[in-house]
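Below is one structure, written out as structure tokens, with a few remarks after it.
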There are 2 protein chains.
Amino acid sequence: MRTAFYISDGTALTSEAFGHAMLSLFPMKFKHRTLPFIDSAEKATRCCQQINAAASEDGEKPLIFHTFVNTEIKHIINQSQGISYDFLDHYVEPMEAELGIKAQPKTNRTHGIHQDYNFRIDAVNYTLDNDDGVSTKEYGQADIILIGASRTGKTPTCLYLALQYGIKAANYPITEDDLDNLQLSYDLKMHRHKLFGLTIDVERLQSIRQERRANSRYASLEQCQLEINQIEHLFRQEAIPFLNSTHASVEELAAKIMDEAKLERHRY
Amino acid sequence: MRTAFYISDGTALTSEAFGHAMLSLFPMKFKHRTLPFIDSAEKATRCCQQINAAASEDGEKPLIFHTFVNTEIKHIINQSQGISYDFLDHYVEPMEAELGIKAQPKTNRTHGIHQDYNFRIDAVNYTLDNDDGVSTKEYGQADIILIGASRTGKTPTCLYLALQYGIKAANYPITEDDLDNLQLSYDLKMHRHKLFGLTIDVERLQSIRQERRANSRYASLEQCQLEINQIEHLFRQEAIPFLNSTHASVEELAAKIMDEAKLERHRY
């Protein structure tokens with residue numbers, strides 16, 4: 001199996017994103033190695049040794065996804081036995097021509113601390129303080145409030161919204177108490193323009209709940225079915241937008257919610 | 001100000017990562033618009049209208065960062081008044097030649113649900129269950145345990161480790177009780193090979209604590225100084241690796257911890 005290297009003078013998150021997008025086009029398996037914070041000739045030389053060792057071991061040339069501002073480091077990496085794919089190379093010149101200014105590359109600028117940074121940390125703190133319906137007092141500050149049955153993916157989605165986009169995302173689990181009268185509680189009604197629902201296929205919900213509390217009423221197919229039916233009915237009755245989380249990753253759920261609820265990114 | 005569009009048939013996370021990396025090379029400001037889930041000719045046509053509207057409003061051609069598997073959608077987007085930068089285009093052919101197979105593009109493959117997915121959600125649940133020292137019983141399952149004074153960035157870093165890399169990251173705040181005898185507690189000693197420290201500049205810590213509990217002893221410069229001195233002393237005495245979070249984003253802290261603690265990614 002061939003090895004793919006993701007190399008950067010910073011976190012390597014962009015190299016990983018680019019490399020994964022490229023490799024996903026090919027129906028092959030790869031070994032993956034990320035080498036972040038390669039910011040000196042010495043470290044670059046050690047990278048080369050790792051790349052060359054992988055080349056010998058695999059009997060195939062490793063693929064290298066990188067971009068380096070520092071030409072000395074780039075030169076060292078390019079002398080390894082791997083095949084380099086520099087994901088900015090091709091675009092710098094045409095973009096310089098279009099923008100009418102020269103590129104001024106700086107080291108590790110992509111994932112450092114920007115102005116928006118405190119905003120994101122505040123959003124994470126908000127989301128943790130307003131997880132799982134523990135409190136509804138701060139819903140006035142929420143950008144969005146996810147609601148749905150227990151174990152439909154509300155918490156991870158909220159955390160992703162906070163970390164990736166700086167969104168203050170509260171979440172509220174709809175329980176049997178709420179379902180008794182099939183209405184939104186007063187606290188939720190007050191903020192109904194911020195509500196967004198999550199639902200899930202009943203079989204999937206049962207299997208997740210079974211892992212948490214095996215053989216409980218909570219994890220029974222009957223109970224899951226009842227809750228999902230009633231909650232989806234509530235979403236429709238109250239015209240609350242909702243998504244099914246069964247086949248969606250947190251990235252997809254978060255991006256869809258951003259899009260459908262027209263939330264503004266605080267991440268740039 | 002020129003507008004940058006990030007467009008995709010999926011989450012647009014990769015388009016954003018690529019576009020941000022490109023634009024960070026240029027000392028200019030841009031407006032940013034993300035248009036995810038553009039998976040039909042109709043939606044692509046609406047994108048074009050938005051791009052053309054931005055062109056008129058800005059008086060300058062928008063920049064478009066995208067990649068599309070569907071050639072019809074790509075064609076529609078490329079007919080807008082924006083300048084398209086397709087971040088995979090240049091690389092597909094050389095990579096096909098190197099790998100000896102044809103690319104088989106599939107829609108939205110990058111950020112969907114992979115095998116690793118449950119692993120990441122499990123890691124998020126673990127991290128929440130083991131946040132802020134609430135319990136030390138499950139430290140046996142931890143991949144890493146972050147320790148440090150209150151408000152040094154442990155929780156957001158743990159959540160990022162869990163969401164991005166599928167790492168089970170517990171965290172434990174070192175408090176005055178722990179500092180009294182300047183030793184690691186028994187629970188931490190038991191897992192000392194998993195410990196990783198976070199510290200922070202005293203002035204920064206004071207300002208963060210001041211926002212949480214204004215004018216408390218907890219937020220006093222004296223108290224912050226005392227805690228940081230003693231905790232850094234403890235890290236050195238016990239040979240616990242540690243990082244200073246003052247000028248680092250959660251992405252950087254997480255990537256550095258992955259690297260220094262040689263943690264294995266569960267994300268591919």
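Residue numbering restarts at 1 for every chain, and letters A, B, ... go by the order of the sequence lines.
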>> Please classify the contact between Asp132(B) and chain A as side chain, backbone, both or neither, with a heavy-atom cut-off of under 4.5 Å.
In response: neither

> How far does CZ of Phe87(A) sit from CZ of Phe18(B), to the nearest 0.5 angstrom?
Replying inline: 8.5 Å

> Can you tell which of Arg2(B), Glu264(B), Met95(B), Lys102(B) has the highest number of heavy-atom pairs within less than 4.5 Å of chain A?
Replying inline: Met95(B)

> Quick one: are Val250(B) and Arg120(A) in side-chain contact, heavy atoms under 4.5 Å?
Replying inline: yes

>> Testing the basics here: between Glu251(B) and Thr11(A), what is the closest heavy-atom pair and its distance to 0.1 Å?
In response: O-CG2, 3.6 Å

>> In terms of relative ring orientation, are Tyr91(B) and Tyr91(A) parallel, tilted or perpendicular, with 30° and 60° separating the classes?
In response: tilted

>> What's the separation between atom OG in Ser207(B) and atom CG in Asn118(A), rounded to the nearest 0.5 Å?
In response: 8.0 Å

>> I'd like to know which of Pro94(A), Ala103(A), Gly153(A) tops the heavy-atom pair count under 4.5 Å against chain B.
In response: Ala103(A)

> Which atom pair, heavy atoms only, marks the closest approach of Ala21(A) to Thr14(B)?
Replying inline: CB-CG2, 3.9 Å

>> Let's go through Asp259(A) and Leu35(B) carefully: what are the C-alpha distance in whole Å and the side-chain angles of both, what is the deciding distance for side chain to side chain contact (heavy atoms under 4.5 Å, CB included) to 0.1 Å, and is it a yes or a no?
In response: CA-CA 8 Å; Asp259(A) 191 39; Leu35(B) 305 176; over 6 Å; no

> Say you draw a straight line from CG of Leu99(B) to CE of Met22(A); how long is it, rounded to the nearest 0.5 Å?
Replying inline: 8.5 Å

> So what's closer than 4.5 Å to chain A heavy atoms on Ile208(B): side chain, backbone, both or neither?
Replying inline: neither

> Can you name the nearest heavy-atom pair linking Leu25(B) to Leu88(A), along with the distance?
Replying inline: CD1-CD1, 4.0 Å

> Measuring heavy-atom distances to chain A, does Val124(B) have an atom under 4.5 Å in its side chain, in its backbone, in both, or in neither?
Replying inline: side chain

>> Can you tell me which portion of Leu128(B) sits under 4.5 Å from chain A's heavy atoms? Options are side chain, backbone, both or neither.
In response: side chain

> Which bit of Thr155(B) comes within less than 4.5 Å of chain A, counting heavy atoms only: side chain, backbone, both or neither?
Replying inline: side chain

>> For Val92(B) versus Phe26(A), what's the shortest heavy-atom pair and its separation?
In response: O-CZ, 4.2 Å

> CG of Leu159(B) to OG1 of Thr127(A): how many Å apart, nearest 0.5 Å?
Replying inline: 9.5 Å

>> Need one label for Ile101(B): side chain, backbone, both or neither, based on atoms under 4.5 Å from any heavy atom in chain A.
In response: both

> Say you draw a straight line from CG of Leu13(A) to CD of Gln164(B); how long is it, rounded to the nearest 0.5 Å?
Replying inline: 5.5 Å

> Using non-hydrogen atoms only, which part of Met258(B) is less than 4.5 Å away from chain A: side chain, backbone, both, or neither?
Replying inline: neither

>> Any non-hydrogen side-chain atom of Arg212(B) less than 4.5 Å from a side-chain atom of Asn125(A)?
In response: yes

> Who pairs with Gln210(B) by side chain to side chain donor-acceptor pair (under 3.5 Å), at least two apart in sequence or on another chain?
Replying inline: Asn215(B)

>> Let me confirm one number: the CZ-CD distance from Phe37(B) to Glu260(A), rounded to the nearest 0.5 Å.
In response: 8.5 Å

>> I need the single residue from Arg33(B), His32(B), Glu16(B) that forms a side-chain contact (heavy atoms from CB on, under 4.5 Å) with Arg265(A). Which is it?
In response: Glu16(B)

> If you draw a 6.0 Å radius around NZ in Lys61(B), do more than 12 non-hydrogen atoms from other residues or ligands fall strictly inside?
Replying inline: no

> Closest approach of Pro36(A) and Ala255(B), non-hydrogen atoms and distance?
Replying inline: CG-O, 4.3 Å

